[in-house]
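Heads up: the structure comes next, in structure tokens.
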Amino acid sequence: MNQCLPVNAKMSKAKKVLDEARETQNRELDLVDKGLVSFEELPGLFNMINITRLTLSHNKITVISPGIANLLNLEILNLSNNLLTELPVSLSSMPKLRILNCSINRLDTLPRGFGAFPVLEVLDLSYNNLSEKVLPGNFFGMETLRALYLGDNDFEYLPKELGQLKNLQILGLRDNDLLELPREVGELSRLRELHIQNNRLQVLPPEVAQLDLLSSKSVMKMEENPWVNPIAEQYLLGISHVIDYLKTETYRIIYNRHMQGGRSGPPPPKADKSKKASRVRA
């Protein structure tokens with residue numbers, strides 16, 4: 001319905017939300033699906049420093065104004081389902097931001113120093129065009145991070161610094177182009193969910209077996225990968241069989257041989273992502 005509204009009507013709807021929030025001292029702003037294209041349609045937003053939650057999902061915003069960092073009390077920022085190709089450097093300086101959702105956009109880069117968030121707990125960058133080549137040097141310095149969602153991107157590898165995320169409980173890597181996981185994944189001692197389905201993985205580092213992925217509250221998803229036969233056979237029996245097999249000396253030999261160049265043939269082909277919504281250019 002909103003798509004039929006003229007621009008000034010959409011803008012007035014957004015302005016009405018802002019005006020009501022000011023009058024009622026509402027600390028949560030809901031601007032979902034208001035047809036917004038830019039922050040110029042939200043006059044005075046950056047002066048509303050009392051707000052703690054800002055939801056801007058399902059709009060057509062292409063650029064996030066650096067002024068968003070003026071919202072010093074903001075704890076939750078939802079920018080999902082927009083047309084963003086980049087984020088402002090100032091974002092990572094926000095002192096109270098705990099949850100940042102930038103999923104379903106067109107991000108193909110991240111700003112320098114992006115890992116400087118002081119208290120960020122949940123970061124969702126899924127369904128973008130990101131790869132290991134655009135991760136800033138301090139990306140894995142976010143020690144407070146509990147959940148990291150990188151699914152539906154273009155990652156082939158992850159650096160060993162992944163192991164620095166000591167408080168990470170959920171790691172979402174599904175639907176990428178991953179060829180391997182770093183052995184340091186085994187250092188994520190608090191990890192309870194690992195989503196690696198639909199990649200190009202043939203082996204897993206033995207260190208995965210050190211993680212607590214078999215308890216009743218744990219989740220490990222690993223389907224739709226071209227696993228070497230021994231892993232594929234164990235997977236048919238269940239995740240617990242895979243974990244037990246990773247602990248064996250037999251598997252350690254297979255893994256080492258694979259990683260030292262004993263891979264049989266070229267790497268598995270990439271999935272065709274040309275029709276992915278995040279690739280479409282307006």
Side-chain angles (χ1 to χ4, degrees), residues 110 115 123 125-137 139-141 145 147-166 168-214 218-236 239 241-273:
L110 290 174
L123 176 59
L125 293 170
S126 55
Y127 211 94
N128 281 285
N129 301 320
L130 299 169
S131 72
E132 63 274 12
K133 297 171 185 173
V134 302
L135 294 181
F139 184 82
F140 295 103
L145 213 56
L148 176 60
Y149 300 99
L150 295 174
D152 263 304
N153 278 287
D154 300 322
F155 290 94
E156 291 191 350
Y157 300 93
L158 287 172
K160 65 178 190 285
E161 286 78 15
L162 174 68
Q164 296 174 8
L165 301 177
K166 302 300 185 187
L168 201 66
Q169 297 171 30
I170 301 172
L171 178 57
L173 298 170
R174 59 172 178 74
D175 295 291
N176 274 282
D177 293 312
L178 287 170
L179 291 165
E180 61 187 66
L181 291 178
R183 303 189 78 144
E184 288 75 11
V185 70
E187 297 171 14
L188 304 176
S189 59
R190 296 190 177 184
L191 200 69
R192 297 296 178 269
E193 288 192 28
L194 178 60
H195 300 265
I196 52 174
Q197 61 269 45
N198 201 16
N199 278 283
R200 301 157 70 198
L201 297 167
Q202 295 176 283
V203 295
L204 285 170
E207 288 78 6
V208 168
Q210 299 170 13
L211 303 173
D212 179 13
L213 294 172
L214 296 178
S218 296
V219 176
M220 183 172 178
K221 298 279 190 180
M222 55 180 285
E223 63 269 21
E224 297 184 70
N225 280 287
W227 300 115
V228 294
N229 279 338
I231 290 183
E233 290 168 2
Q234 296 300 322
Y235 179 62
L236 290 175
I239 295 293
H241 291 265
V242 174
I243 297 298
D244 287 341
Y245 181 63
L246 297 185
K247 297 175 183 176
T248 65
E249 186 60 30
T250 301
Y251 177 70
R252 194 171 293 273
I253 293 170
I254 291 173
Y255 176 79
N256 288 337
R257 188 178 298 153
H258 185 90
M259 298 307 292
Q260 288 166 7
R263 302 172 177 83
S264 54
K270 291 184 179 183
D272 179 14
K273 299 181 182 179

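When all heavy atoms of Leu204 and Ile231 are compared, the closest pair comes out as N-CD1, 3.9 Å. Of all heavy-atom pairs spanning Phe155 and Ser131, the tightest one is CE2-C, 3.3 Å. In terms of heavy atoms, Leu173 sits closest to Leu181 at CD1-CD2, 3.9 Å. Among all heavy-atom pairs drawn from Ile243 and Ala209, the shortest one is O-CB, 3.7 Å. When all heavy atoms of Val185 and Pro205 are compared, the pair lying nearest together is CG1-CG, 3.9 Å. In terms of heavy-atom proximity, Pro182 sits nearest to Pro159 at CG-O, 3.8 Å.
To the nearest 0.5 Å, the span separating CG on Leu158 from CG on Leu135 amounts to 7.5 Å. Of the inter-residue distances, the one linking Glu156 atom CD with Asp177 atom CG reads 5.5 Å to the nearest 0.5 angstrom. How far CG of Leu188 is from CG of Leu162: 5.0 Å, rounded to the nearest 0.5 Å. In this structure, OG1 on Thr248 lies 14.0 Å from OH on Tyr255, to the nearest 0.5 angstrom. Atom-to-atom distance recorded for Leu130:CG and Phe139:CZ is 8.0 Å, nearest 0.5 angstrom. In this structure, the separation between CG on Leu148 and OG on Ser126 is 10.0 Å, given to the nearest 0.5 Å.
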Next on the checklist: For Trp227 and Met222: C-alpha separation, side-chain torsions, deciding distance, then whether side-chain contact (heavy atoms from CB on, under 4.5 Å) applies.
Outcome noted: CA-CA 9 Å; Trp227 300 115; Met222 55 180 285; 3.6 Å; yes
Checklist entry - So Asn128 and Asp152, side-chain contact (heavy atoms from CB on, under 4.5 Å) or not? Walk me through it. => result CA-CA 7 Å; Asn128 281 285; Asp152 263 304; over 6 Å; no
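Looking at Glu184, its side chain never comes within 3.5 Å of a backbone N or O of Glu161 through a donor-acceptor pair. Side-chain atoms of Asp175 never come within 3.5 Å of backbone atoms of Gly151 as a donor-acceptor pair (strictly under, hydrogens ignored). The backbone N or O of Asn176 lies less than 3.5 Å from no partner atom in the side chain of Asn153, so there is not a single donor-acceptor pair.
Contact of the Asp244 side chain with the Val242 side chain is not registered, since no non-hydrogen atoms from C-beta on lie closer than 4.5 Å. Contact of the Tyr245 side chain with the Glu233 side chain is not registered, since no non-hydrogen atoms from C-beta on lie closer than 4.5 Å. Arg174 has its side chain out of reach of Asn198: every pair of non-hydrogen atoms, C-beta onward, lies at least 4.5 Å apart.
The side-chain hydrogen bond (donor to acceptor under 3.5 Å, both in side chains) search around Gln164 returns none, not counting sequence neighbours.
In this model, a donor atom of one side chain and an acceptor atom of the other lie less than 3.5 Å apart for Glu193 and His195. Using modelled atom types and a 3.5 Å distance limit, the side chains of Asn225 and Asn199 yield no donor-acceptor pair.
Within the structure, every pair that satisfies the salt bridge (charged side-chain N to carboxylate O under 4.0 Å, His left out) test and touches residues 202-212, not counting sequence neighbours, is listed here: Arg183-Glu207, Arg192-Asp212.
With respect to the salt-bridge test (charged N to carboxylate O, under 4.0 angstrom), the residues Lys166 and Glu187 qualify. No salt bridge links Glu180 with Arg200; every basic N to acidic carboxylate O contact stays at or beyond 4.0 Å.
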